[in-house]
Each structure stands twice: as C-alpha cells, then as structure tokens.
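In this text the structure is predicted, and so the values were computed from the model without any measurement. Values below: all heavy atoms of this structure, side chains included; hydrogens, waters and symmetry mates excluded. Every chain is numbered from 1 and lettered A, B, ... according to where its sequence line falls, protein lines coming before strand lines.
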Protein chains: 2
Amino acid sequence: MSTAERKAREKEALRALILKAAKKLFVERGIDQTTIRNIADEIDYSVGTVYVYFKDKNAILHDLHSIGFQELGSYFQDLFSIKNPKERLKKMGSSYIKFALENAEMYDLMFNLKAPMEFLENSDTDNWDEGAVTFSYVKKTVEECIVEGHFAEHNAEPLSFMVWSLVHGMCCLEIRQRTKGVKFTNPDTILFDGYNEFLKIIEKL
Amino acid sequence: MSTAERKAREKEALRALILKAAKKLFVERGIDQTTIRNIADEIDYSVGTVYVYFKDKNAILHDLHSIGFQELGSYFQDLFSIKNPKERLKKMGSSYIKFALENAEMYDLMFNLKAPMEFLENSDTDNWDEGAVTFSYVKKTVEECIVEGHFAEHNAEPLSFMVWSLVHGMCCLEIRQRTKGVKFTNPDTILFDGYNEFLKIIEKL
DNA sequence: AAATTAAATGAACAATGTTCATTTTTTATA
DNA sequence: TATAAAAAATGAACATTGTTCATTTAATTT
C-alpha cells in the first residue's frame, strides 16, 4: 500500500473519531451543551484540528444527522420481512417512536435542529436524501395497503405525510418537553396510548 | 394617583416595550439572530436595562411564548360558536395550522424551543398552563364528539393527543424545513393535502 | 541529511449572555 | 428651593462561544 492510501485512511479515521466523540458528548450532555472545545478535549486534539476536518459546526451536525438515519435504518431493518403492508405500517410507527425515545438527542438532530438543513442549503443540491428515503418507506407501505384495498378514497402521498406527521408530532412534543406540563391522566403512557388510538383507526380503514 | 402607582405603570410599560421590540425582531430576523443588544438598541435603552426588567433571555422568551398563546387564542376565538363538535374539531385543526404557518417564529417558540420550558423548570410550579388550556379545547371537543356517538371505542384524552400530534407534526416538519428536501409531488399544498386526509378519516368515525 | 509537504496547533478575534459598580434621574424631605 | 435618599439606567468588563490563520511540529521525499 502507498503512503497516500495510508494517509487517506488515517484522515478518515480521525474524521470518524471526531464524529464519535461528538456523538458521545451530545448523548451525554446534550447538543447545546457541547462545544467544539469539548470535542477536541475528548479526543486530545486541539480545536484547530477539528476545523481541519470539518468546515464548521454545521458540517459535524449534518454528518451526525446522517449517522442517525443509519441508526434509524437498523430499527427499520426487519420491517420489510412483514409482508402484510398494514401490519408493517403499524410496526413501522412503533419502531419510529421507539427510536425517537431511545435516541432523543439524535432524533432531535435529525428532525428538529436547523443545522443539518442549513448545511444542505449551503451545498450544491439541497435534497434531503436521508429524509426522502425514510419517507419513501412509509409511502411504499401505504401504497401497498391501497393495492390491497385499504384506505379507499385516500391518496398515498398525503396520507403518508399525515402518518409521518402523527408519529413525528408525538415524538416532538415529548422530546421538547411539551407533554410534561400538560398533566395527562397517564403521563407515562400517553405516547403509547396516543399511538394506540391511531392503530384502532387504521384497523377500520 | 400616587407616584408609586404611576411608577408601577411605567415599569409595566417598559416591560411591554421590551417584549414588543423582542417580538418584532424575532419575527423580522428570527429568534437565533436576535440578541439582547439588538433588543436594547431597538428601544434606545442599554443592555443593562433589559436585565433590570427580565431575569435572563429565557424569561423574555417565556413571556413572549405566553403572548403567542394569546394570539393563538384569537385564531380559536369563534370556534365554540360551532355547536357541532365534529365540525368544530375539523375547523380547530385548520385554525391551528393557519396560525402556525402565519406565525412560524412564534409557533416555534411556543411548541419547539426549549427556553420557555426551561424557564418553567426554574419556577415554583412547572405546570405549562398555556399548553394545558389549549389542549383542553381539543379534549373537550373530542369528548363532545364521543357524546354524540362518534369515535366509538376511542378514549378522549389519548385520541386528543393523537390529533394534536398530527397537526403539530405537520407544522413542525414544515417550519423546521423537513418538507422542503423531500420533494413531494405538490410541495406547496402538502400540509393542506395531508390534513385533508385526516378530515376524510374522521368523517368516517 | 536537507528540503519539501502535510498535519496539528493555540493564540487571537468577534459575538453573545450576563453582571454589577457607577452614574444619572427622580422623589421625598427639610 | 436646596439637599438627601431612593430608584432607574448605564456600559464597561467577564466568561464562553464558534472560528481563523500564522506558526510550529511531524512526516515524507529527495
């Protein structure tokens, strides 16, 4: 192997190390509470080095947001082995919520923070591929449901968007602390209970 | 009138002036892009004065978030003149979305930003009264629907939460730029279309 | 071994939220 | 009205950010 190749690998390794440290700190203490200096400290490099490997903080956040989508992918892993589309859709929603609650900080980064989208705006194309791919899973499943005769008189794309919004909205309200102060009868299970109402509904469609 | 009374009024007036200036700048250039110095400049007072009237930035954001709920209230104004609860529920969702889109920055502050909730956490009670009251409108309406024989086998509170999540999720995805990169068939009407799917659904329940 | 290239550094800058000793203004008192 | 006391307003100063870039250190090539 050439030195050039080795160097390229080393560069990639340090890049990955920075992302790993960033993720660790984000999960541990939250994204707002993590500074570039913290990240540099964590891996015993200087602040300047971080900027050699990433244009700015948005670039780090965007890369981490992509990693988040990979992780969401692993929650979605086995979904398409479920052949019944309605069952798959129901399970997809549960997995989505599960991911959001178990990876709140990453979920926030993926679907709420402005940074990853600002990064996209300053890049060649402003396609949000990660989001588009994830949405296509929902849409594909809804389309299959329609083929099977469900959701009559509904349109696949807007209906899929509605479903996405429904689960996203629940996760969002929870993660951004909006369920806490409202004093639900069963605060601990409100997401579960709320999603259950949705399940009852699509059972009838 | 006593001087004390006049002074109290003057204090209240300056407090309101600060909030008004803050709101103006928030709407004009966004919340992250607005600094305490900007606000002070806008009303020709010094930075220090702002801190005489507000403990910190969170306190300003919290007060403004409360003002936002008053404004949402005016969108909800005539809803309870609609006696048919199902019609009212449908209209309530539309009004909610309308408010969110026409007041994106305020909506974000009310339902997404951490600041207002952090302010609550540092206060005596951490009840989120504004949110609770707004949710109660939805819940009351859903309960009336159930009394009228709709939504059989559903539970009012979780179902209301589901409905709230659905509209909130749509607004959230839109405001946080998550609908833009996905390339919907009709990007401009996806919220409208998505909500329409919801309307079709509750028509059947 | 010297020269060249690449990588890493950290001091320095501008912007921000926040504090607080000082100054200015207003009110009460004599 | 003149003076003392209280209230209000001030802005310089601090700590913490993200970010830059001239300089230093290390690695590679000649």
Original post:
Would you call B:E144-B:K140 a salt bridge at under 4.0 Å N-O?
Top reply: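 B:K140 and B:E144: salt-bridged.
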Original post:
Does a side-chain N-to-carboxylate-O contact under 4.0 Å join A:E10 and A:K7?
Top reply: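 Result for this pair is no, no salt bridge flagged.
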**OP:** Verify whether the ring centers belonging to B:F99 and B:F76 lie closer than 6.0 Å.
**Re:**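 No, the ring centres sit 6.0 Å or more apart.
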Original post:
Touch check for A:Y53, heavy atoms < 4.0 angstrom, all strands: base, sugar-phosphate only, or nothing?
Top reply: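 Contact class for A:Y53: sugar-phosphate only.
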Contacts under 3.5 Å, N or O only, protein and nucleotides 26-30 of chain D:
from	atom 1	to	atom 2	distance (Å)
D:dT28	OP1	A:R6	NH1	3.3
D:dT28	OP1	A:R6	NH2	2.1
D:dT29	OP1	A:T3	OG1	3.1

Could you tell me how far apart [X] ([atom1]) and [N] ([atom2]) are, to the nearest whole angstrom?
X: B:R15; N: D:dA9; atom1: CZ; atom2: C1'; result: 17 Å
X: A:D41; N: D:dG18; atom1: CG; atom2: P; result: 12 Å
X: A:D44; N: C:dG10; atom1: CG; atom2: P; result: 11 Å
X: B:K11; N: D:dA6; atom1: NZ; atom2: P; result: 16 Å
X: B:L14; N: D:dA9; atom1: CG; atom2: C1'; result: 10 Å

Original post:
Would you say B:T49 reaches D:dA9's phosphate, i.e. side-chain N/O to OP1/OP2 under 4.0 Å?
Top reply: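 No, B:T49 has no side-chain N/O under 4.0 Å of OP1/OP2 on D:dA9.
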**OP:** Could you tell me whether the side chains of A:S66 and A:D63 share a donor-acceptor contact shorter than 3.5 Å?
**Re:**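 No donor-acceptor contact under 3.5 Å links the two side chains.
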Original post:
Taking the six-membered ring for Trp, are A:F161 and A:W164 parallel (under 30°), tilted (30 to 60°) or perpendicular (over 60°)?
Top reply: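 It falls in the perpendicular class, over 60°.
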**OP:** Can you measure from CZ (B:F111) to CE (B:M117) and round to the nearest 0.5 angstrom?
**Re:**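 Reported value, rounded in 0.5 Å steps: 9.0 Å.
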**OP:** Can you establish whether the number of heavy atoms outside B:K11 located under 6.0 Å from its atom NZ is more than 12?
**Re:**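 Not more than 12 within 6.0 Å, no.
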Under 3.5 Å between N/O atoms: give me all the protein pairs with nucleotides 13-17 of chain C, atom names plus distance.
from	atom 1	to	atom 2	distance (Å)
C:dG17	OP1	B:K57	NZ	2.6
C:dG17	OP2	B:I36	N	3.1
C:dG17	N7	B:R37	NH1	2.8
C:dG17	O6	B:R37	NH2	2.9

Subject >> Closest non-hydrogen atom pair between A:G93 and A:Y195, with its separation >> reply: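 Nearest pair, atom of A:G93 first, then A:Y195: CA-OH, 3.0 Å.
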